[in-house]
Each structure stands twice: as structure tokens, then as C-alpha cells.
Enquirer: 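Quick one: structure below, then a few questions.
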Amino acid sequence: MSLNLTGITLTYPDGDSRLTALDDVTLDVPRGSLTAVAGPSGSGKSSLLAVAATLITPDSGTVTVDGTVTTGLSRGELTDLRRRKIGIVFQQPNLLPSLTAAEQLQVMARIDGRSPAKARGRAMDLLDAVGLAPQAGRRPHQLSGGQRQRVNIARALMNEPTVLLVDEPTSALDHERGAAVIALLARLTYQRATATVLVTHDATHLTAVDRIAEVHDGRLGARVVSPPGLRPARSPVR
Ligand SMILES: Nc1ncnc2c1ncn2[C@@H]1O[C@H](COP(=O)(O)OP(=O)(O)OP(=O)(O)O)[C@@H](O)[C@H]1O
Ligand SMILES: [Mg+2]
């Protein structure tokens, strides 16, 4: 199962008329694969992510998340679907200042009704996966920008999402740290078998992705970019 967008058109009110942000967009992202969505500012990247996250309902088209067609679901059903199936990483790590790295993750599990012991175990496992086990007890102001973004990514994985949606995770980072975050996302995508969409306008460190979907004026074109040799080793999809 995967993330599937079919024939998505999205318009926003624009004075007396409407602005077409997404124009008949179709995109299929299988589990265990990483699709980058690249394109100039204002081309519709964040709108695409918001539709995939079921945060915005498109004018037409269908969003299917792990086999569930989201059309016609109530607000409560969508909230539940997001909590169980979708991890979202926003551009700025919106971490809570008073919580340690481990606690940022555990809060997510508490919302989901997991036992505190299980939540702590999973939080430590994920912090280890993003290379931050030694920093588990630190609060956001005691972490670097790149470390904060890694906590953000680990937190999005806390409820074992099928779909991982990431908007410009490297924009506040220098090139080297940005590349490390992309490589980490690629590894987690394969290890945890998520259908991952990564929005970026920076095409320089996209060698680790499976494909780049370019968006221009709300229209999507897909092409395969990475030669197989450049891809990180793929772990068995569970
Ligand atoms: N809430 C809104 N109301 C009206 N127009 C909007 C709204 N959000 C976005 N737009 C318009 O829709 C188009 C696509 O915006 P979007 O935020 O998806 O672009 P983007 O590719 O993410 O850009 P950036 O790289 O700058 O983040 C733009 O023309 C933008 O002005
Ligand atoms: Mg954007």
C-alpha cells in the first residue's frame, strides 16, 4: 500500500476569480520509496503536500492513504487517519521548548494511547536511528539546527506512519547538514518502509531519492533521476 493522488485539482480564491494551485496532479508513491517534489517558489509544492496530508480538500481528485480513499471522510475520521498513518515534518522544527528530545517523541505516543514504557522504548529506538541517542535528555535550545530537525523527523515516525511528508527540511541548514538530513530520510524510508514525499527547491542533494517530480505552475512531470548505483542500500520492505 502507498500514497496515491489521482487527478488532483486545487484552487484558491483570488480576488474575483480563482488561482489554480494544482492542475490535474497524479502521483503514486509506493512504500519504501522516496519521491522528491521540486519546483520554483509558488509552483504548488506545499499545496501538494497539504492535500496529501488531508489538511486541505482538493476541488476534485482522489487521495488514497494506505488503501483508504479519503474522499467523503468526516473531519474526525481524517484526524484519526492522519494520527495513525501520516507523519508530517514541517520546515521549522516546532519542538516544545520545555521538553527533552525523548519527551518530544513520547508526547506523540501518549496522544495515541500507548503505554508510557512502550513509548519510551520506541522514542529511544528512533532517537538512536537518527543518531541522537546521546542527546535524548537535551532540550531544543541545547541542540544544533540539524539535530533539532532530526528530532523533528524522529517524532514524525513515532506512530509508525505509512506515509511520511516532509516540507523543505534543509532550508535552515548548511549544505553538508542538509545533505545528511536527506540521506537520513532516504535510509529511514527504506528501513521503515514509508511512502515518503520530500518537498524541496534545492536540487543539489537529491541523489539519494528514487525520483524527482517537478512541479511548474501546479502541473507535475515525473522523471527518474538517480542511477541505481547512487541509491542507498535498500532494506527488505516489511
Ligand atoms: N491559502 C492560500 N490562499 C490563496 N492562495 C494561496 C494560498 N496558499 C498558496 N497560495 C498560492 O498558491 C500557489 C502555490 O503555493 P504553494 O505554497 O503551494 O507554493 P510552493 O511551491 O510551496 O512555494 P514555496 O517554494 O515558496 O514554498 C502560489 O501562487 C500561492 O500564492
Ligand atoms: Mg512551500
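Sequential numbering from 1 along the given sequence is applied to the chain's residues. We use all heavy atoms of the structure for the numbers below, so side chains are in, but hydrogens, waters and symmetry mates are not. Keep in mind the model is a prediction, meaning the values are calculated, not measured. Atoms within a ligand are numbered from 1 in the order they appear, just like the ligands themselves.
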Enquirer: With the criterion set at N/O pairs under 3.5 Å, what does the list of contacts between the protein and ligand 1 look like, atom names and distances included?
Expert:
from     : atom 1 : to  : atom 2 : distance (Å)
ligand 1 : 18 (O) : S47 : N      : 2.9
ligand 1 : 18 (O) : S47 : OG     : 2.6
ligand 1 : 19 (O) : G44 : N      : 3.4
ligand 1 : 21 (O) : S43 : N      : 3.2
ligand 1 : 21 (O) : S43 : OG     : 3.4
ligand 1 : 21 (O) : G44 : N      : 3.0
ligand 1 : 21 (O) : K45 : N      : 2.9
ligand 1 : 21 (O) : K45 : NZ     : 2.9
ligand 1 : 22 (O) : S46 : N      : 2.9
ligand 1 : 22 (O) : S46 : OG     : 3.0
ligand 1 : 23 (O) : G42 : N      : 2.8
ligand 1 : 25 (O) : K45 : NZ     : 2.7
ligand 1 : 26 (O) : S41 : OG     : 2.6

Enquirer: With sequence neighbours excluded, tell me which residues meet salt bridge (charged side-chain N to carboxylate O under 4.0 Å, His left out) with D217.
Expert: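 Applying salt bridge (charged side-chain N to carboxylate O under 4.0 Å, His left out) to D217 gives none.
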Enquirer: Nearest 0.5 Å, please: how far is OG1 in T35 from CG in L198?
Expert: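 Those atoms lie 9.5 Å apart.
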Enquirer: Can you confirm whether the side chains of Y190 and S33 place a donor and an acceptor under 3.5 Å from each other?
Expert: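 No pair is found: no donor N or O on one side chain lies under 3.5 Å from an acceptor on the other.
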Enquirer: Ignoring hydrogens and geometry, is there a side-chain-to-backbone donor-acceptor pair from Q149 to P169 under 3.5 Å?
Expert: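 Yes, Q149 side chain to P169 backbone: donor-acceptor pair under 3.5 Å.
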Enquirer: Please check: side-chain N/O of R82 versus main-chain N/O of I86, any donor-acceptor pairing under 3.5 Å?
Expert: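 Absent.
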Enquirer: Closer than 2.8 Å to the Mg ion (ligand 2), which protein N, O or S atoms?
Expert: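 Those protein N, O or S atoms (cut-off: under 2.8 Å from the Mg ion (ligand 2)) are S46 OG.
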Enquirer: Hey, could you give me the CG/CD distance between N94 and Q104, rounded to the nearest 0.5 Å?
Expert: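 It is 9.0 Å, given to the nearest 0.5 Å.
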Enquirer: Please answer whether the main-chain N or O of A195 pairs with a side-chain N or O of R31 as donor and acceptor at a distance below 3.5 Å.
Expert: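 Here the side-chain-to-backbone pair does not exist.
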Enquirer: Can you sort out the partners of R139 under salt bridge (charged side-chain N to carboxylate O under 4.0 Å, His left out), two or more places apart, ordered by chain and number?
Expert: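 With sequence neighbours excluded, R139 shows a salt bridge (charged side-chain N to carboxylate O under 4.0 Å, His left out) to no residue whatsoever.
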Enquirer: Could you state the interatomic distance from CG (L99) to CD (Q106), rounded to the nearest 0.5 Å?
Expert: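 Here the interatomic distance stands at 9.5 Å.
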